[in-house]
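All figures in this text were calculated on a predicted structure; none of them were measured in a lab.
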Amino acid sequence: MIDTMTETKKDEDTKEKTNFRNQLNLLYGIRDIIRLVYERKVSFILITAIVLSLAVFYSIFAQPLYKATATLIPPPDVKTGSTGVQGWCPRMSGEDIFRDFRRHVSNNSKRQKFFQLPEISNLLNEGQPRPYIEIDFDRNNRLTFNLYGPNPELTKILAEKYIKITKQESLAYAINNIENCLQTELTNLEESLVAERIVAQTARERKIKEVEKAKVIAEALGVYEYDPRVPQEPYFARGVKALNAEIDFLNQESIADSFSPTIARDLNSIKIIKRMLTTDNWKKHTVSAEVENPTDVASEPAYYSIPLFRNRPFIWMCGLILGLLLSFFFVVAANELRINKRR
């Protein structure tokens with residue numbers, strides 16, 4: 001009888017341990033979950049309400065971000081084309097220079113250097129969120145620039161300064177490329193001019209020799225006077241006096257360039273390039289990008305700053321979900337602690 005009672009007690013202990021083991025399983029059924037929540041409904045509601053209240057409080061009193069935005073477009077084409085033979089430097093289109101601006105404005109290292117400039121760092125307070133830059137749309141003919149900051153005035157100022165500095169840097173880069181290209185073409189044209197003048201000088205000397213031979217023939221034939229009725233060929237028919245005048249004319253060094261049709265063209269190209277390299281008129285009217293002004297009267301002006309408040313419904317929903325999860329884990333943990341105490 002005593003043995004039977006002992007075995008029965010062991011079976012009950014085994015069942016109770018099994019029940020404890022099952023209860024420790026985190027995969028509670030729906031009924032168990034509802035029962036646990038109901039038993040600790042006050043704690044469940046209180047925790048959820050606290051987390052949700054914190055989310056609502058944050059969404060209402062958190063400092064909003066401000067966005068300064070501007071749309072930039074390519075400038076008009078730059079008239080840098082020369083009339084050189086090789087055409088090393090064609091006219092630069094606005095999109096060519098705008099491409100350099102896009103590379104500069106999207107460069108992350110340049111953004112970091114911008115915020116480290118003394119004039120910029122003095123505008124930023126240590127307690128404020130650090131401004132940052134985003135490029136929304138980047139194509140050959142359009143770029144949308146956004147700068148986010150802690151207050152509207154600072155955001156607008158930083159956007160204006162960043163675009164201004166970037167335009168200056170990219171324009172200097174583009175002008176330097178243009179000047180290097182022009183200098184290369186100038187060097188090529190001057191070298192080509194030297195070779196062309198050698199050829200022209202050779203042609204002039206050959207022409208002088210032909211006329212001198214014709215003069216010798218004219219003297220032998222006794223043809224001294226020029227007769228306009230005589231054809232131009234052969235040369236000796238023009239007469240000794242006319243041939244002497246032509247020889248004197250050909251001996252002038254200044255006419256050597258006329259023996260090459262490309263010398264005059266190259267000289268004109270060299271003149272244009274030197275004028276471009278020595279004057280700044282074309283640089284003054286050159287820009288790397290232009291800010292597109294809104295065509296709609298109701299649109300905001302360029303660089304306008306708008307507040308970007310946190311997405312309050314989204315924050316509330318996240319707070320509610322987080323509160324429910326924390327409340328559920330609290331209820332499960334409290335139930336497990338109660339079961340452990342019973343054992």
Between CZ on residue Arg197 and OG1 on residue Thr262, distance to nearest 0.5 Å: 11.0 Å
Side-chain (Asn180) to main-chain (Asn176) donor-acceptor, under 3.5 angstrom: yes
Working for side-chain contact (heavy atoms from CB on, under 4.5 Å), residues Val211 and Lys215: CA-CA 6 Å; Val211 176; Lys215 175 186 173 183; 5.6 Å; no
Pairing residues for Glu290 by the side-chain hydrogen bond (donor to acceptor under 3.5 Å, both in side chains) criterion, not counting sequence neighbours: none
For Ile135 against Phe145, the heavy-atom pair lying closest together: CD1-CD1, 3.9 Å
Identify every side-chain donor-acceptor pair in residues 44-55 under 3.5 Å, counting partners at least two apart or on other chains, and give the distances.
{"residue": "Thr48", "atom": "OG1", "partner": "Phe44", "partner atom": "O", "Å": "2.9"}
{"residue": "Thr48", "atom": "OG1", "partner": "Gly323", "partner atom": "O", "Å": "3.4"}
{"residue": "Thr48", "atom": "OG1", "partner": "Ser327", "partner atom": "OG", "Å": "2.8"}
{"residue": "Ser53", "atom": "OG", "partner": "Ala49", "partner atom": "O", "Å": "2.6"}

Residue pair Tyr66 / Asn151: nearest heavy atoms and the distance that separates them: CD1-CA, 3.5 Å
Over 12 foreign heavy atoms within 6.0 Å of CZ, Phe114: yes
Approximate separation, where rounding is to 0.5 Å, of Arg111 CZ and Thr166 OG1: 9.5 Å
Within-4.5 Å side-chain heavy-atom neighbours: His104 and Lys167: no
Within 6.0 angstrom of Lys271 NZ, more than 12 heavy atoms from elsewhere: no
Glu39: salt bridge (charged side-chain N to carboxylate O under 4.0 Å, His left out) partners, not counting sequence neighbours: Arg35, Arg338
Between Glu196 and Ser192: side-chain donor-acceptor atoms closer than 3.5 Å: yes
Trace of the side-chain hydrogen bond (donor to acceptor under 3.5 Å, both in side chains) decision for Gln112 with Gln116: CA-CA 6 Å; Gln112 296 176 359; Gln116 293 173 356; 5.4 Å; no
Path from Tyr173 to Leu72 over hydrophobic side-chain contacts below 4.5 Å: no
Inter-residue atom distance Met276.CE - Ile272.CD1, 0.5 Å rounding: 9.0 Å
More than 12 heavy atoms of other groups within 6.0 Å of Phe329 CZ: no
Cluster check Ile73, Val291: I/L/V/M/F/W/Y, side chain < 4.5 angstrom: no
Side chain to side chain, Glu185 and Ile273, heavy atoms closer than 4.5 Å: yes
Side-chain heavy-atom pair Leu193, Leu189 within 4.5 angstrom cut-off: no
Of Ile157, Ile163, Leu158, the residue whose pairing with Leu147 passes side-chain contact (heavy atoms from CB on, under 4.5 Å): Leu158
OG1 on Thr184 to CD on Glu179, rounded to 0.5 Å: 11.5 Å
Inter-residue atom distance Asp248.CG - Ile208.CD1, 0.5 Å rounding: 10.0 Å
Minimum side-chain heavy-atom gap Leu171-Asp100 below 4.5 Å: no
Test item: Tyr162 side-chain N/O and Val105 main-chain N/O as donor-acceptor pair under 3.5 Å: yes
Under the side-chain hydrogen bond (donor to acceptor under 3.5 Å, both in side chains) test, residues paired with Ser288 that sit two or more places apart: Ser170
SB check Glu134 Lys67 (cutoff 4.0 Å): no
Hydrophobic cluster partners of Val194 (side-chain heavy atoms under 4.5 Å): Ile198
Side-chain heavy atoms of Glu191 within contact of Thr187, under 4.5 Å: yes
Heavy-atom side-chain contact between Tyr148 and Ile133 under 4.5 Å: no
Validation row: Leu186, Leu277 side chains within 4.5 angstrom (heavy atoms): yes
Inter-residue atom distance Asn244.CG - Glu212.CD, 0.5 Å rounding: 9.5 Å
Those residues that, when tested against Asn146, pass side-chain hydrogen bond (donor to acceptor under 3.5 Å, both in side chains) (two or more places apart): Thr69, Asp136
Student check: side-chain heavy atoms of Thr286 and Pro75 closer than 4.5 Å: no
